[in-house]
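Proteins get letters first, then strands, A, B, ... in listed order; numbering begins at 1 in each.
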Amino acid sequence: MTAGKTIYDIGRTGRSAASQHTPSGDVAALPSACLRSTPPQLPEVSELQAVRHYTGLSAKNFAIDRQFYPLGSCTMKYNPRGAHRAASQPGFLNRHPLAPATVSQGFLACLHDLQEVLKAVTGMAAVSLTPMAGAQGEFTGVAMIRAYHDARGDRDRREIVVPSAAHGTNPATATMCGYTAREVAVGADGDVDMEELKAAIGKHTAGIMLTNPSTCGVFERRILEISDLVHDAGGLLYYDGANLNAILGKVRPADMGFDVLHTNLHKTFATPHGGGGPGAGPVAVNERLLPFLPTPWVERAENGGYRWVDETARPQSIGRLSAFMGNAGILLRALAYARMLGREGMTRVGEYATLNANYLMARLRDAGFQLAYPDRRASHEFIITLRQEAKQWGVTAMDFAKRLLDYGFHAPTTYFPLLVAECLLIEPTETETKEELDAFADAMQRIREEAERDPELVKTAPHSLPIERLDDVKAARELDLGGPPG
Amino acid sequence: MTAGKTIYDIGRTGRSAASQHTPSGDVAALPSACLRSTPPQLPEVSELQAVRHYTGLSAKNFAIDRQFYPLGSCTMKYNPRGAHRAASQPGFLNRHPLAPATVSQGFLACLHDLQEVLKAVTGMAAVSLTPMAGAQGEFTGVAMIRAYHDARGDRDRREIVVPSAAHGTNPATATMCGYTAREVAVGADGDVDMEELKAAIGKHTAGIMLTNPSTCGVFERRILEISDLVHDAGGLLYYDGANLNAILGKVRPADMGFDVLHTNLHKTFATPHGGGGPGAGPVAVNERLLPFLPTPWVERAENGGYRWVDETARPQSIGRLSAFMGNAGILLRALAYARMLGREGMTRVGEYATLNANYLMARLRDAGFQLAYPDRRASHEFIITLRQEAKQWGVTAMDFAKRLLDYGFHAPTTYFPLLVAECLLIEPTETETKEELDAFADAMQRIREEAERDPELVKTAPHSLPIERLDDVKAARELDLGGPPG
Amino acid sequence: MPFIPHTPADVRSMLERIGAASIDELFDEIDPALMGADFGAIDSGVDEMTMLAELAASARQDETGPCFIGAGCYDHHIPAAVWDIASRGEFLTAYTPYQAEASQGTLQLIYEYQSMMIALTGMEVANASVYDGGGALAESVLMAVRANRRAKGVDLHHVAIAGACHPHYVDAAASIVRNQGIAVDRLDFGRDGQACLDALDAAGAPAAVVVQQPNFFGLIEPVDDIVRIAHERGALVIAVVNPLALALLKPPGEWGDRGADIVCGDGQPLGIPMASGGPSFGFICTRRSHVRQLPGRIVGRTTDRAGRPGFTLTLQAREQHIRRGKATSNICTNQGLLVTAATIHLALMGADGLRRAAAGSHAKTGRLVRELTAIEGVSQRFAAPFFHECVIDLGQPADPVAATLADAGLLAGLPLERYYPELANCLLVCATEKRTEAEIARFGTALAGALGR
Amino acid sequence: MPFIPHTPADVRSMLERIGAASIDELFDEIDPALMGADFGAIDSGVDEMTMLAELAASARQDETGPCFIGAGCYDHHIPAAVWDIASRGEFLTAYTPYQAEASQGTLQLIYEYQSMMIALTGMEVANASVYDGGGALAESVLMAVRANRRAKGVDLHHVAIAGACHPHYVDAAASIVRNQGIAVDRLDFGRDGQACLDALDAAGAPAAVVVQQPNFFGLIEPVDDIVRIAHERGALVIAVVNPLALALLKPPGEWGDRGADIVCGDGQPLGIPMASGGPSFGFICTRRSHVRQLPGRIVGRTTDRAGRPGFTLTLQAREQHIRRGKATSNICTNQGLLVTAATIHLALMGADGLRRAAAGSHAKTGRLVRELTAIEGVSQRFAAPFFHECVIDLGQPADPVAATLADAGLLAGLPLERYYPELANCLLVCATEKRTEAEIARFGTALAGALGR
Ligand SMILES: Cc1ncc(COP(=O)(O)O)c(C=O)c1O
Ligand SMILES: Cc1ncc(COP(=O)(O)O)c(C=O)c1O
């Protein structure tokens with residue numbers, strides 16, 4: 001039994017997974033000064049020990065394949081195994097990134113197909129698949145906005161406007177692109193405060209980053225007005241596609257006036273999150289930004305085949321963002337998913353994600369929970385605030401979250417967006433059943449009763465997991481970040 | 001959450017895993033009288049529901065990849081993932097069993113290689129890989145013994161002798177082959193009682209089935225004497241290879257005088273047990289029985305290639321035992337394992353399996369447990385008897401077994417062999433670490449203390465699993481064997 | 001040391017505790033004369049990388065183009081989720097669920113499997129698998145003879161096969177039951193390829209009558225009549241079925257006067273790769289009244305000490321580990337992992353998905369037959385309706401034609417001469433739902449070419 | 001409806017509870033003008049079987065013979081267990097471990113990963129991954145500039161690349177850091193292909209000096225000297241390393257006077273398939289004193305309420321979800337699953353296994369170089385010792401030769417003209433431990449043929 005032990009703890013000097021020992025070789029040609037004097041301290045375990053240890057660790061995770069996982073803004077929907085299989089074909093796994101295009105036509109065709117799908121769902125003119133996650137997509141988009149202004153000699157625009165509900169990656173991206181993030185408030189109805197926005201926009205404005213539906217779980221109704229406002233001021237609009245799942249196949253960001261966007265394939269296109277990644281955050285642009293698209297991407301050649309487009313063909317490109325072409329394996333999974341959904345299936349995604357969210361919102365409302373935006377439709381997600389519960393019984397949103405784990409549900413997103421106190425951002429996704437939503441609502445209701453009757457029980461949760469609540473303060477104060485034992 | 005629910009319970013009319021719906025077709029050409037009037041009542045679930053349900057069920061199993069699993073006689077050793085991978089190559093998985101030999105040379109070469117390995121480790125003249133498990137191997141072997149006697153016109157031999165410690169498949173096999181099983185006692189030292197044996201053997205004896213080391217966990221020391229005795233009486237010797245792991249690469253059954261045997265590839269050759277199978281039980285024979293070998297098997301052709309041998313070439317063969325050639329995928333896994341071990345690795349298997357068993361036996365003896373054969377070396381397994389504990393504290397072998405589950409160990413084999421009261425047959429295998437054996441011995445010792453101090457605790461175990469002790473009597477009395485809900 | 005975790009220090013301290021000087025000493029009860037064998041014929045071991053390269057090369061060698069052989073093993077679509085889940089260590093590396101509390105995953109799954117097989121076959125109980133379809137037929141014959149042993153006027157030493165049953169199944173059953181003095185009589189099939197009711201009428205009073213639906217030639221048998229005739233003579237009826245076909249066809253439980261008595265077959269079409277024919281699994285279903293004659297594991301639902309529902313192996317008194325020489329069978333290890341895959345497969349397919357796979361295969365084979373018989377001199381041998389296999393007469397010996405096509409990377413079907421000399425010009429072909437229009441067209445073109453048309 | 005479980009009855013009762021008449025009504029806050037888009041350009045959906053057939057055909061189209069390209073992506077052996085475990089749903093379908101108690105599996109694994117990376121690099125702390133090697137270099141540059149911002153006389157707008165660093169890494173870093181006003185200066189490499197110490201001497205006072213070991217040409221760099229010179233000028237040293245090479249080579253933590261300050265690279269050689277270059281993962285290790293400048297997730301060990309050890313994300317105040325515009329980076333989703341695979345890989349390989357893979361690759365490349373340079377007119381471009389890549393001069397333009405060999409199914413290495421016009425006759429070749437003698441001989445023969453020798 002290895003409970004609580006690390007892989008180092010179960011190792012012993014001289015032990016190994018010997019069938020992984022490939023034939024070695026002579027290193028006499030290497031100058032001894034460049035060689036290491038002692039071997040690195042890696043674990044010394046048998047193959048069975050490694051298999052048992054990591055299989056055992058996996059069992060300590062919640063995951064979509066095990067639990068309902070209504071993490072708002074993260075779109076934890078079913079990740080089809082067929083897509084995983086499709087991307088795991090030997091021909092894909094063994095392809096070298098620098099293999100000549102002549103022997104890569106199958107792969108290039110797949111990328112091209114995915115580019116076309118993304119153009120169609122976003123309404124944009126061109127797509128680059130290279131960004132490796134949403135945040136890298138954001139970086140790419142804002143870097144393109146900057147390249148656009150720079151190319152026009154319009155160098156005084158220093159600000160990127162973001163709503164206060166924006167995801168942290170938005171302002172962080174602005175900074176990485178050398179801009180200042182300027183936050184504008186969100187009104188009581190969940191839409192951006194138009195007065196503040198008007199005050200914020202001007203000739204210093206490089207652009208605005210918006211997600212719509214927003215992370216407040218509502219659709220920004222004045223989006224066309226905002227678009228005009230920003231464009232009239234000479235700024236551009238960036239669409240954070242993290243929430244595209246809500247409107248997939250129904251509304252195209254291009255039609256809302258956006259100039260550039262990323263999509264999170266690991267959300268909307270159902271590629272697995274992998275315990276923290278990998279994702280993929282392809283960017284799509286309208287004609288205006290097309291010259292700046294990052295490389296490489298794929299286009300059709302005259303002979304009907306496919307070829308890479310790189311900096312030589314696109315001298316204004318913002319360039320390369322990674323060593324190769326992006327998270328190819330994730331792109332293939334997304335393509336597989338898109339093929340299985342097709343046009344009709346995509347439309348249904350937005351519809352049923354929205355149905356599930358509105359239903360669960362209604363159930364929780366009826367169970368006595370306070371909605372952040374009670375007069376609004378939920379998009380694919382919605383917010384409840386436990387302000388009341390915290391004040392009355394001292395039971396916080398975090399306590400509810402931890403107690404949900406005991407009931408076998410992953411917790412919703414907690415304390416985001418920051419502007420709603422004691423909030424839970426709940427996103428059920430379209431792939432969950434009504435029964436699962438009902439069970440979750442029932443659990444929430446029971447926890448609420450517990451919070452009133454026995455607040456300690458909730459405040460000290462979880463109680464049924466391998467571990468109880470962890471001391472985060474200690475973690476940050478007495479830093480133990482690992483390192484080999486000796 | 002679906003705890004305790006069956007897949008039927010979570011289904012709903014009209015729900016489906018729709019991406020598994022392949023294009024249908026017109027069935028008008030089929031007479032309506034032969035068609036079913038209502039669809040079969042299968043579960044109606046979404047793909048996520050199925051994935052989550054069966055992933056969740058898997059988590060309710062103990063398995064080698066999760067726990068120490070010292071199930072005596074079953075050789076629960078590490079099942080290398082590399083062997084699983086090797087057998088899962090598309091070229092193997094997509095091969096049709098009746099594909100012509102001309103396009104099957106890769107596969108046939110693998111089978112031939114495995115036949116050669118098995119000939120070498122057993123010392124026999126020929127091998128047929130077709131039996132699908134140990135019991136089918138036994139059937140095959142005894143059917144060959146019968147064919148041999150029949151071919152000689154020696155039709156009065158009606159008995160197969162088995163020691164009382166024999167596995168249940170041995171006498172059951174004798175019956176299936178039209179023989180009567182005659183049991184002979186095992187002596188206090190674990191060896192067969194020679195006097196009884198002599199009395200049992202005669203001209204009515206078709207043969208004897210033995211496993212050596214025996215299921216008493218000791219090596220039958222008078223094996224050569226027994227062999228002479230049986231052969232002199234005109235009988236043949238069958239070797240039940242279930243325990244070959246103990247002497248792999250050290251002693252060849254042929255040298256002990258056996259005429260025919262099976263090997264359990266799912267034991268000695270580390271192919272996974274799969275929660276009840278599949279296995280493979282290839283048979284090996286000496287020259288005497290070669291004409292009777294079941295078909296098909298593989299031999300080298302004159303052109304250096306490989307070809308199937310079937311009944312046309314071997315008219316005396318006992319024939320075919322299954323629709324195709326056996327559990328090909330298991331054979332490939334065994335070959336992969338054999339290639340990784342090689343000659344030296346095989347020898348080590350027996351050595352370290354024996355070391356682990358003798359060590360664990362010593363630890364348990366020192367902890368106060370009573371050994372069934374205290375004066376003997378353990379082979380790869382050994383027996384303790386909890387007669388004392390049962391008498392003194394009312395805590396049985398079964399109670400110890402169930403309580404071990406709480407400590408995170410699978411239980412050893414209980415109540416087998418039948419001749420030792422309240423016994424546990426313990427087989428650690430060579431792939432477990434000393435630390436694991438120590439932890440198991442410590443747990444046994446603690447349970448013994450619990451049995452003395454708080455027998456109820458042990459008698460009502462397990463306490464930490466998803467379910468408590470099950471009512472087997474009720475299961476057999478109030479038969480609920482499933483069926484669709486409606 | 002591949003897979004052995006012992007360090008030199010471990011070995012020393014373990015030997016010390018044992019009180020032995022060396023590992024060799026642990027073998028000191030074995031006659032030294034037995035220990036001298038030379039294992040030099042076995043090569044030295046190689047690392048996993050090298051082994052994988054070797055076996056991958058062998059596997060690659062056998063890759064071919066599209067497969068149109070059926071004959072008991074079919075190239076159907078298998079949802080990716082099936083083996084992703086079935087290959088989880090918790091299913092793959094567990095043993096038979098003897099310790100029920102630590103094996104609820106496998107046990108509940110088998111219970112669900114039994115339920116699904118009951119639904120498909122229209123029977124009342126199912127076991128947890130036997131080795132394969134051939135073995136299932138053998139066990140079914142033995143079971144029928146035992147179950148029918150008190151019937152009057154029935155010959156317990158004979159069972160009759162009505163019509164074209166898979167010859168390998170019949171061979172396997174014959175090899176196995178022969179040892180218990182039971183003969184398997186193959187009755188003639190009619191000119192139309194279906195079971196000949198007259199032959200059955202003339203067959204005396206066998207203990208059981210076996211009929212395969214669809215039969216070996218892919219044809220629909222008049223099962224209602226066969227069951228009625230068999231039952232009139234006191235024989236039990238053993239139905240050999242393709243479980244996928246049961247998504248469309250009348251379940252054996254409803255055949256004739258009171259349904260078949262025992263239903264068996266091979267589960268390969270339910271999510272099992274062809275994989276050279278194994279591992280797959282055999283299934284047996286029967287009436288509740290025969291459950292004590294059923295071989296193999298059976299899972300039942302019961303309750304635990306706290307009254308919660310749970311699952312356990314039951315009726316073990318039928319089995320060899322309890323009943324020994326008097327058991328219903330010697331089977332111990334069965335084909336559990338394949339049952340795991342089939343259960344997940346059935347759950348994912350549902351009745352609708354299964355029906356589509358069956359109907360799609362039926363339609364594709366129809367399409368193939370039209371393609372092939374459009375070639376001059378090529379015809380359909382039997383006119384009766386077929387499910388997803390069909391006997392095609394090439395008008396010239398089929399074996400060399402199939403060999404030519406195989407060399408061109410196309411598995412054209414099974415030449416039947418080996419089994420039926422009178423069908424030397426015939427190929428048994430099959431197109432599952434996986435075969436594409438392009439592949440079918442390729443077959444047509446290649447066949448026409450091989451026939452010189 | 002693929003992946004959507006709703007029955008019509010579900011939809012009805014859900015809408016009723018919501019108080020809406022239809023699903024469409026749920027979109028009534030959206031301006032109808034936005035809803036008219038035509039999605040007809042997207043094809044209708046297909047079932048999993050059809051999708052798999054399509055993508056398998058594409059994948060098969062690109063299968064080639066042996067790969068001798070390296071250049072940052074290497075065809076090493078990956079133990080079968082690595083992805084069998086990493087692909088378990090519990091790792092594959094979990095999110096970032098925000099709820100620590102429900103994510104101990106991933107968290108402990110990352111902690112173990114951090115430990116292993118610290119061991120390999122000789123540094124003090126590691127993060128839980130960034131996107132890839134190129135991104136890791138970019139983040140390292142930004143980090144170095146931040147960490148060095150108080151140094152005197154250092155130009156925070158420049159970093160210098162000493163010698164031949166992977167051109168794609170440099171490009172990626174340049175594109176990214178450019179926006180913060182940082183220029184990446186490529187210093188010349190010497191005639192021997194190694195970093196030119198004189199060029200470094202002349203480089204002014206960059207905030208950081210980047211050196212890749214082994215460098216892009218596979219050559220061993222004089223890292224001790226480079227680190228010493230850089231530190232003398234107040235620059236921080238960023239080491240770009242191949243983690244597999246670190247099984248053999250001196251860890252960056254020991255280079256020069258006091259070791260490199262930041263170590264980054266791509267984890268692909270640690271159990272990640274080539275897969276067209278992604279997903280893989282970037283790693284960054286550094287000194288403990290710089291930990292607050294490290295971007296990305298970091299896991300720490302702590303205790304739970306009961307005092308038991310457990311793991312959690314820590315130092316989150318560096319990250320965008322807390323610090324927003326002031327975060328060390330905008331990174332959120334990283335490459336967790338690949339870290340999972342790499343951790344299992346490292347545990348299985350151990351120091352010995354890793355060393356063998358490295359030494360084996362080194363030796364195989366030596367063997368390859370001998371094979372190729374035995375051809376008349378073919379030579380080794382740089383004489384310096386190499387790890388497992390080498391620049392081969394063909395004496396004629398390399399691009400068409402590589403194209404010819406690719407058409408023959410052999411990936412002959414990377415033609416360097418695109419990156420270095422002066423190396424237009426050169427191929428960068430690599431042979432990992434997986435390449436066999438036969439494959440190397442085949443390369444020799446094919447190359448000789450293509451060159452007309
Ligand atoms: C609204 C929003 N924007 C951006 C991101 C960043 O995407 P990624 O994590 O893929 O970098 C997220 C991810 O959680 C998000 O929810
Ligand atoms: C001693 C012995 N003989 C025979 C067998 C039967 O082998 P199988 O289960 O493969 O049919 C076993 C299996 O447990 C066994 O332990």
Side-chain angles (χ1 to χ4, degrees), chain A residues 17 20 22 24-25 39-42 50 57-58 60-65 82 86 89 91-93 96-97 100 106 120 132-133 135 168 171-173 177-178 181 252 272-279 319-320 322-324 327-328 339 342-343 345 359 433-434 467-468 474-475 480 482-484, chain D residues 5 10 14 37 41-42 44-45 48 51 55 58-59 61-63 88-90 92-96 102 104-106 114-115 118-119 131 134 168 171 175 179 273 276-279 300-302 304-305 310 314 320-321 324-325 327 330 333-337 347-348 351 353 356 359-360 363 406:
Chain A
Q20 305 307 338
T22 52
S24 192
Q41 265 202 289
L42 293 177
L57 282 190
S58 80
K60 296 185 175 182
N61 275 357
F62 277 38
I64 309 177
D65 278 8
Q89 308 283 335
F92 287 141
L93 290 185
H96 192 282
M132 288 190 167
T173 294
C177 288
R252 303 188 310 183
H273 284 86
R320 176 178 280 288
S322 49
F324 301 112
N327 279 338
R339 280 300 286 139
R343 172 172 75 242
Y359 175 71
T433 61
K434 174 175 179 296
I467 206 143
E468 293 187 51
K474 174 173 170 182
D480 172 359
Chain D
D10 288 339
M14 292 169 81
I42 305 170
S44 280
E48 182 189 289
M51 178 280 290
L55 267 79
S58 294
Q61 201 183 331
D62 294 352
E63 279 178 15
R88 287 171 59 83
E90 294 89 335
L92 194 65
T93 73
Y95 197 73
T96 302
Q104 285 296 299
T106 288
Q114 291 172 182
S115 301
I118 291 168
Y131 304 126
H168 289 182
D171 287 350
S175 318
N179 294 285
S276 294
R301 170 135 65 172
T302 181
D304 76 353
R305 295 181 67 246
T314 193
Q320 45 73 28
H321 61 288
R324 301 177 70 82
N330 71 341
T333 289
N334 58 20
Q335 306 283 117
L337 188 68
L348 283 166
R356 284 161 167 274

Of the listed residues ([options]), which shares the most heavy-atom pairs with chain A below a 4.5 Å separation?
options                                  : result
Ala363(D), Gly310(D), Ala351(D)          : Ala351(D)
Gly134(D), Pro273(D), Ser58(D), Ala37(D) : Ser58(D)
Leu348(D), Asp10(D), Ile118(D)           : Leu348(D)

So which heavy atom on [X] is nearest to which on [Y], and how close?
X         : Y         : answer
Ala63(A)  : Thr93(D)  : CB-OG1, 3.3 Å
Arg320(A) : Ser175(D) : O-OG, 2.7 Å
Arg324(D) : Pro171(A) : CB-CG, 3.7 Å

Q.
Less than 4.5 Å to any heavy atom of chain A: does that hold for the side chain of Met51(D), its backbone, both, or neither?
A.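 For Met51(D), side-chain heavy atoms alone lie under 4.5 Å from chain A.
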
**Q.** Proximal component of Thr96(D), with respect to chain A [non-hydrogen, under 4.5 Å]
**A.**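 Answer is both: backbone and side chain atoms of Thr96(D) are under 4.5 Å from chain A.
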
Q: Output yes when a side-chain donor or acceptor of Asn330(D) lies under 3.5 Å from a complementary backbone atom of Ala172(A), and no otherwise.
A: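 The answer is no, because no donor-acceptor pair under 3.5 Å joins these two groups.
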
What distance do [X] atom [atom1] and [Y] atom [atom2] have between them, rounded to the nearest 0.5 Å?
X         : Y         : atom1 : atom2 : answer
Glu468(A) : Asp304(D) : CD    : CG    : 5.5 Å
Arg88(D)  : Asp65(A)  : CZ    : CG    : 10.5 Å
Leu42(A)  : Ser115(D) : CG    : OG    : 10.5 Å

Q.
With a 4.5 angstrom heavy-atom cut-off, is it the side chain or the backbone of Ala181(A) that approaches chain D, or both, or neither?
A.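 Ala181(A) has no heavy atom closer than 4.5 Å to chain D.
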
